[in-house]
Amino acid sequence: MIELNCFVTQIIQVSPIMKIIRVKPDGWTLPEYKAGQFVALGLHASASRCADATAEKNEFAPDKLIKRAYSIASSSTQNFVEFYITLVKSGALTPRIFDLKLGDKIWMGKKATGMFTLSEIDENKNVILIATGTGVAPYMSMLRSNALQRKGKIMVIHGAANSWDLGYSSELTLLESMANNFSYHPTITEPDKEPSGWMGDTRFIEDIWKDSVLEDKLGFRPKPEDTNIFLCGNPRMIDGMKDILGAEGFEVHNRKNPDGHIHIEEF
Ligand SMILES: Cc1cc2nc3c(=O)[nH]c(=O)nc-3n(C[C@H](O)[C@H](O)[C@H](O)COP(=O)(O)OP(=O)(O)OC[C@H]3O[C@@H](n4cnc5c(N)ncnc54)[C@H](O)[C@@H]3O)c2cc1C
């Protein structure tokens with residue numbers, strides 16, 4: 001049976017179905033990684049599932065290590081690795097992760113990977129980091145690393161169902177007040193459920209993009225020549241934004257088109 005190689009050192013319940021979890025390698029170090037990369041987490045099928053979980057679709061042998069990819073939310077200078085995870089109640093791994101207690105063990109792959117990083121983008125270019133839900137995780141790693149030292153402007157647009165699902169909003173609001181080149185624009189889609197009201201945006205990200213919010217916050221309308229766009233999270237938002245951006249001349253970045261301006265990480 002594969003040995004679990006990390007300890008859970010912090011658990012923050014962000015909302016009923018979202019947790020921030022920190023893990024610390026047990027006697028080894030995760031090699032340096034680029035902000036925005038992801039790593040695999042895993043637990044054995046014999047691990048218990050949280051009380052909210054529903055029946056799972058597959059049956060696994062008890063010693064099977066169930067592994068999934070998770071974006072790192074912490075900067076690589078820390079001696080822990082942080083994740084922001086949504087519970088998929090019928091899922092294989094997340095109900096087991098949501099039953100972990102402080103000090104429990106979890107498996108983490110020994111190498112982070114992925115091309116969803118700022119490392120090859122000219123530091124004079126602006127970057128707009130767009131996320132739904134836990135898709136904000138890789139942006140936290142970028143902002144907690146050296147993204148704010150870039151010369152171009154940086155904006156985070158974060159969409160979620162409710163205000164309590166907007167993980168990291170305090171940190172992002174604080175950053176906005178401290179850094180001249182950073183702005184933060186949260187939006188929620190279920191304002192009727194807010195017990196004390198919501199004064200912010202309630203539109204879908206696609207509608208925000210078409211509006212003048214960007215000009216107001218950034219002072220210019222983003223164009224392919226001056227701005228790279230990152231999209232992370234819900235595939236529907238990503239598809240919607242890809243169409244809108246494509247019509248404005250933005251191209252998807254990939255191995256065949258390394259000069260593309262749209263960077264995508266689908267969860
Ligand atoms: C590169 C990469 C980075 C990722 N980073 C993160 C991250 O930082 N945080 C995070 O929470 N997830 C992240 N994911 C998703 C993660 O890998 C798992 O897919 C997710 O946690 C579900 O795992 P599971 O085993 O519980 O469910 P599974 O048994 O794998 O899936 C059950 C079903 O749920 C659907 N599903 C998957 N994710 C969701 C969701 N969020 N909401 C609703 N339905 C869903 C799947 O399409 C599938 O049909 C990332 C995925 C990739 C590819």
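Indexing begins at 1, ligand by ligand and atom by atom, following the structure's order.
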Quiz item: Hey, is atom 27 (O) of ligand 1 under 4.0 Å from any protein heavy atom?
Solution: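 It does; a protein heavy atom is within 4.0 Å.
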
Quiz item: Under 4.0 Å from atom 48 (C) of ligand 1, do we find at least one protein heavy atom?
Solution: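 Within 4.0 Å: no protein heavy atom nearby.
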
Self-check item: Min N/O separation Thr94 to ligand 1 under 3.5 Å
Solution: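 Yes, since at least one N or O of Thr94 sits under 3.5 Å from an N or O of ligand 1.
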
Practice problem: Examine Arg68 against ligand 1 and note whether any of their N/O atoms are separated by less than 3.5 Å. | Solution: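 Yes, Arg68 has an N/O under 3.5 Å of an N/O on ligand 1.
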
Among protein heavy atoms, which lies nearest [atom], and at what distance?
{"atom": "atom 29 (O) of ligand 1", "result": "Ala92 N, 2.9 Å"}
{"atom": "atom 21 (O) of ligand 1", "result": "Tyr70 OH, 2.6 Å"}
{"atom": "atom 17 (O) of ligand 1", "result": "Ala69 O, 2.6 Å"}
{"atom": "atom 8 (O) of ligand 1", "result": "Ser71 N, 3.3 Å"}
{"atom": "atom 7 (C) of ligand 1", "result": "Phe267 CE2, 3.2 Å"}
{"atom": "atom 9 (N) of ligand 1", "result": "Tyr84 O, 2.9 Å"}
{"atom": "atom 1 (C) of ligand 1", "result": "Phe38 CD2, 3.5 Å"}
{"atom": "atom 36 (N) of ligand 1", "result": "Val88 CG2, 4.0 Å"}

Quiz prompt | Pair Lys217-Glu176, salt bridge (Lys or Arg N to Asp or Glu O under 4.0 Å): steps then yes or no | solution = CA-CA 11 Å; Lys217 288 227 166 185; Glu176 185 180 39; 3.5 Å; yes

Need the ligand 1 atom indices (1-based, order shown) with element for anything under 4.0 Å from a heavy-atom of [X].
{"X": "Leu93", "answer": "24 (P), 25 (O), 26 (O)"}
{"X": "Glu266", "answer": "52 (C), 53 (C)"}
{"X": "Ile85", "answer": "11 (O)"}

Practice problem: Decide whether Ile97 and Leu4 are clustered together by the hydrophobic rule: side chain heavy atoms of Ile, Leu, Val, Met, Phe, Trp, Tyr closer than 4.5 Å, transitively. | Solution: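 Yes, same cluster.
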
Cationic N near anionic O, under 4.0 Å, [X] to [Y]:
{"X": "Asp226", "Y": "Lys125", "value": "no"}
{"X": "Asp122", "Y": "Lys151", "value": "no"}
{"X": "Lys223", "Y": "Glu248", "value": "no"}
{"X": "Arg96", "Y": "Asp99", "value": "no"}

Practice problem: Verify side-chain hydrogen bond (donor to acceptor under 3.5 Å, both in side chains) between Thr54 and Ser90, making sure each step is shown before the conclusion. | Solution: CA-CA 5 Å; Thr54 55; Ser90 63; 4.6 Å; no

Self-check item: Mutual orientation of the aromatic rings belonging to His263 and Phe230 [parallel < 30°, tilted 30-60°, perpendicular > 60°]
Solution: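 Geometry flag for Phe230 against His263: parallel rings.
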
Quiz item: Is there side-chain contact between Leu172 and Phe182, with at least one heavy-atom pair below 4.5 Å?
Solution: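 Side chain of Leu172 against side chain of Phe182, heavy atoms only: contact under 4.5 Å found.
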
Quiz item: Stepwise, does the salt bridge (Lys or Arg N to Asp or Glu O under 4.0 Å) test hold for Glu215 with Arg221?
Solution: CA-CA 5 Å; Glu215 283 96 323; Arg221 181 78 201 163; 3.4 Å; yes

Practice problem: Give the single entry among Asn234, Ile17, Ile66, Thr134 that approaches atom 10 (C) of ligand 1 most closely by any heavy atom. | Solution: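 It is Thr134 that holds the nearest heavy atom.
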
